[in-house]
Amino acid sequence: MSRSYKIALILKSRSSLPVYKDLAKLSDHELDQQVHSLFQQMRCNESSVIARMVLRQPTFSLN
């Protein structure tokens, strides 16, 4: 992942990091840590949503 893509990903997320730090001044290692923690958070949020999903009977549709 390129540096600019990582910065864009952080900016588009709900992270409050851009409010407190200038992302362009972060080192590559710090930027990698932030993206990693962002992915961890997304993974955690998705698992709780999936766990609460109601299983429905399979359906089929003719288009």
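All heavy atoms count here, side chains included; hydrogens, waters and symmetry mates do not.
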Would you give me the side-chain donor-acceptor pairs under 3.5 Å for residues 3-11, sequence neighbours excluded?
from, atom 1, to, atom 2, distance (Å)
R3, NH1, L26, O, 3.4
R3, NH1, D28, OD1, 2.7
R3, NH2, A24, O, 3.1
R3, NH2, L26, O, 2.5
S4, OG, S2, OG, 3.4
K6, NZ, D32, OD1, 2.2

Polar side-chain atom of Q34 near backbone of L31 as donor-acceptor pair, under 3.5 Å:
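Between the backbone of L31 and the side chain of Q34 there is no qualifying donor-acceptor contact (under 3.5 Å).
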Report the residues that fulfil side chain to side chain donor-acceptor pair (under 3.5 Å) with Q33, sequence neighbours left out, ordered by chain and then residue number.
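Applying side chain to side chain donor-acceptor pair (under 3.5 Å) to Q33 gives H29.
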